[in-house]
Amino acid sequence: MPIRWDYKFFTLVIMKKIIFYFLILVIISSCAKQKEKDETMNSATSRKWWKEAVVYQIYPRSFKDTNGDGIGDLKGIISKLDYVKSLGVDVVWLNPIYGSPNADNGYDISDYRSIMKEFGTMQDFDTLLKDMHEKGLKLVMDLVVNHTSDEHRWFKESRKSRDNPYRDYYHWLPAEKGKPPFRPGAFEADGSGWRYDSVTNSYYLHYFSYKQPDLNWENPKVRQEIYKMMNWWLKKGIDGFRMDVIPFIAKDTTFPVITQKILDEKYKGRWDIYLASGPHLHDYLKEMNKEVLSKYDIMSLAEGAGMTKETALNFVDEDRHELDMGYHFDGVSLGYIPGYFKKMDPNWSLVEFKKIYSDWDAVYKDKGWGTIYLGNHDQPRMVSRWGNDSPEFRAPSSKMLTTFLLSMRGTPYYYYGDEIGMTNAKFDKIEDYRDIETLAAYEKVKLAGGDLKQFIEDQKTGGARDNGRTPMQWDTSENAGFTTGTPWLKVNKNYKEVNVAKEDKNPNSVLNYFRRMVKLRKENPVLIYGAYHLLKGDDPNIYAYTRTLDNEKVLVLLNFKDHDVDMQLKELKGSHQTLINNYKSVNVKEDTITLKPYQAVILSLN
Ligand code: NOJ
């Protein structure tokens, strides 16, 4: 008998143990499942302030002038912070404001620790930063470290002699070895990225103008100087950097000959892809992350020149600890006619446009994080290029493009003036242009005996950067309220029609639509984190997609044409609610929607 009791007791103990271990197993496996779920939620859904932010880009030279010299300044930005705040945006990216002789409007820095005299003083900067933070706005600076100005102290030293301690801060090749193998110099009429300097009978490298010599990142001293400078700004409290042509910093210093064949076979025939393939690029970005970026809660954005769908994650996969985001050029390169300087094909294809943005969304499906933009200081105005800037359609098409920008996955970068639907400058003569790139391109056409009149015409719809750099249109007063002096670049002729004062008062204006759209994005995480799915990719007129997050699903419909268009979609069959519409009504019959010219609607499908 006792044996039986012992046996029962024994079985009970064993059973208890089994249950205990079973429970442990269940807990472990559910933790593992949760982990797996977290991982599949991955970067695309892991929350970060910079993923949820709307970034507003200010070109300081053109925003607001307070001292009457015709050039925007920091005090001007300070005076307009309530306006910026009223937009609902979170972050302001400022184009370079450092000491500079302005060969390329600040992208040629002569002193990284000072403020450009036209823009004000360091005290003004400190006030700006403080005021922005008080208003809950973050400030992102431009970081231009692929090159400096040729008037930077380092370069002045470097060019003095072949054994100057700063010689290796830049890339020099002795002229006695002959002209170095071709590298492109984007802002030179002869297209060459090497400049002969008689002082030391040598050539130096410059991927942009000869006033912008490339720094030698292969020299550890250069890298340390840059990290020190970045830490200095971050300690001041800035919230991040937009990094100018950062993929170009690393160079193969053997400077091999790159033939057209090599370019075609290895770099899709594109110089920018070659320039973005320097051997130690990612070592430097990792080092920069370790020595600088990882120490602060900030955002970093690569200007992704030469960055492709295949290489993008090398920059922004969080496991690699390099940068947070990059912006690609595939979208803004669409529609330029080969063989011309940024001449736009008016019949660019919406099907291709959709494919580009859909393919790029897929790049960041599981890892990393993308960005979305249609205009910036290097591009023509978005409404003139992707919408329709005629008086009839300027407003609806601006609103439609705003709907696109603020309903895609990826952090939106929105360029000053687009919120009121500013249009291309469309200058009639070369004398009105100020931009080094356009002037060099003009010179090139001239040297080749090309059609200069046609060049000027092409730039009205094409890529002249000054199209998007004209002064902000505040009101109907002289010079659109930008300056009491003579503006550095002519104000757009339409400022009496298109300006903040007028649009502020009108609840249906482009400006107030932008504010509504920013608010809608903020209130609906599905617009930020939701999975993107393209519908009817082959439709040549309408861009349609859904965004889905958990049980939320929205349908975005954008008519890119100047006439009514129908689309049949099974998604329209169920019940839906209009979240935003740039017209008064929306015409849905059963499963078919008719969109008016440039109509944009977002429907909630829940
Ligand atoms: C890219 C900048 O956005 C552009 O404005 C500048 O001219 C070049 N990099 C050179 O710094």
Side-chain angles (χ1 to χ4, degrees), residues 55 57-63 72 93-112 116 140-152 155 170 183-189 191-193 195 204-215 217 226 241-249 251 271-273 275-276 300-307 315 323 325-329 331-333 341-342 371 373-382 413-416 433-442 463-470 488-489:
V55 182
Q57 183 192 347
I58 292 182
Y59 198 62
R61 213 176 170 76
S62 297
F63 201 58
W93 151 28
L94 289 184
N95 291 94
I97 55 168
Y98 316 88
S100 165
N102 281 308
D104 184 19
N105 289 356
Y107 284 96
D108 48 325
I109 298 171
S110 53
D111 182 356
Y112 286 104
M116 189 189 297
V140 164
M141 301 270 283
D142 222 300
L143 181 80
V144 189
V145 289
N146 173 68
H147 45 269
T148 66
S149 160
D150 65 343
E151 297 180 37
H152 193 289
F155 190 74
Y170 297 86
R183 291 294 179 273
F187 301 157
E188 295 298 329
S192 170
R195 173 97 172 175
Y204 67 85
L205 182 70
H206 58 86
Y207 283 169
F208 294 91
S209 87
Y210 79 93
K211 295 281 294 168
Q212 296 163 292
D214 281 39
L215 279 165
W217 274 71
I226 289 166
F241 286 113
R242 171 267 183 192
M243 303 183 176
D244 193 61
V245 289
I246 201 76
F248 291 179
I249 54 175
K251 272 102 187 169
W271 272 105
D272 58 330
I273 299 184
L275 302 182
S300 54
L301 166 74
E303 185 198 18
M307 189 169 106
F315 294 84
L323 305 175
M325 297 170 267
Y327 68 82
H328 66 80
F329 281 71
V332 294
S333 304
F341 174 71
K342 296 184 177 174
T371 62
Y373 73 106
L374 289 175
N376 65 30
H377 64 291
D378 291 333
Q379 303 298 331
R381 282 286 169 189
M382 74 171 184
Y413 286 76
Y414 204 89
Y415 189 49
Y416 88 96
Y433 282 101
R434 299 282 171 270
D435 179 29
I436 187 172
E437 183 187 53
T438 306
L439 298 179
Y442 182 86
R465 305 193 296 182
D466 283 341
N467 272 324
R469 295 179 176 181
T470 57
W488 73 276
L489 183 68

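One-based numbering along the sequence shown. We count ligands from 1, going down the list as the structure has it; atoms in each ligand are counted the same way.
Ligand 1 has no atom lying under 4.0 Å from any heavy atom of Tyr207. Within the 4.0 Å heavy-atom cutoff, His147 counts among the residues contacting ligand 1. Within the 4.0 Å heavy-atom shell around ligand 1 one finds Arg242.
Remark: ligand 1 atoms within the under-4.0 Å shell around heavy atoms of His377 are 2 (C), 3 (O), 4 (C), 5 (O). Distances below 4.0 Å separate heavy atoms of Phe187 from the following atoms of ligand 1: 7 (O). Taking every heavy atom of Arg465 and a limit of under 4.0 angstrom, the matching atoms of ligand 1 come to 4 (C), 5 (O), 6 (C), 7 (O).
Screening Lys251, Gln212, His206 for a side chain to side chain donor-acceptor pair (under 3.5 Å) involving Asn146 leaves a single residue, Lys251.
Of the protein's non-hydrogen atoms, the one nearest atom 3 (O) of ligand 1 is Asp378 OD2, 2.4 Å. Protein heavy atom closest to atom 6 (C) of ligand 1, with residue, atom name and distance, is Asp104 OD2, 3.3 Å. The nearest heavy-atom contact from the protein to atom 11 (O) of ligand 1 is Asp244 OD2, 2.7 Å.
Between Tyr416 and Phe63, the ring planes lie perpendicular to each other; the angle is over 60°, past the 30° to 60° tilted range.
Residues forming a ring-ring contact (aromatic ring centres under 6.0 Å, His included) with Tyr413 (at least two apart in sequence, or on another chain): none. Remark: Trp488 pairs with no residue by the ring-ring contact (aromatic ring centres under 6.0 Å, His included) rule, at least two apart or across chains.
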Run Tyr107 and Asn95 through side chain to side chain donor-acceptor pair (under 3.5 Å) and show every step you take.
CA-CA 8 Å; Tyr107 284 96; Asn95 291 94; 2.7 Å; yes
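Atom CG of Leu275 sits about 8.0 Å away from atom CZ of Arg183, to the nearest 0.5 Å.
When the heavy atoms of Phe248, Phe208, Tyr59 are ranked by distance to atom 8 (C) of ligand 1, first place goes to Phe208.
Taking all atoms of both residues into account, the shortest heavy-atom contact from Pro247 to Glu303 is CD-O, 3.1 Å.
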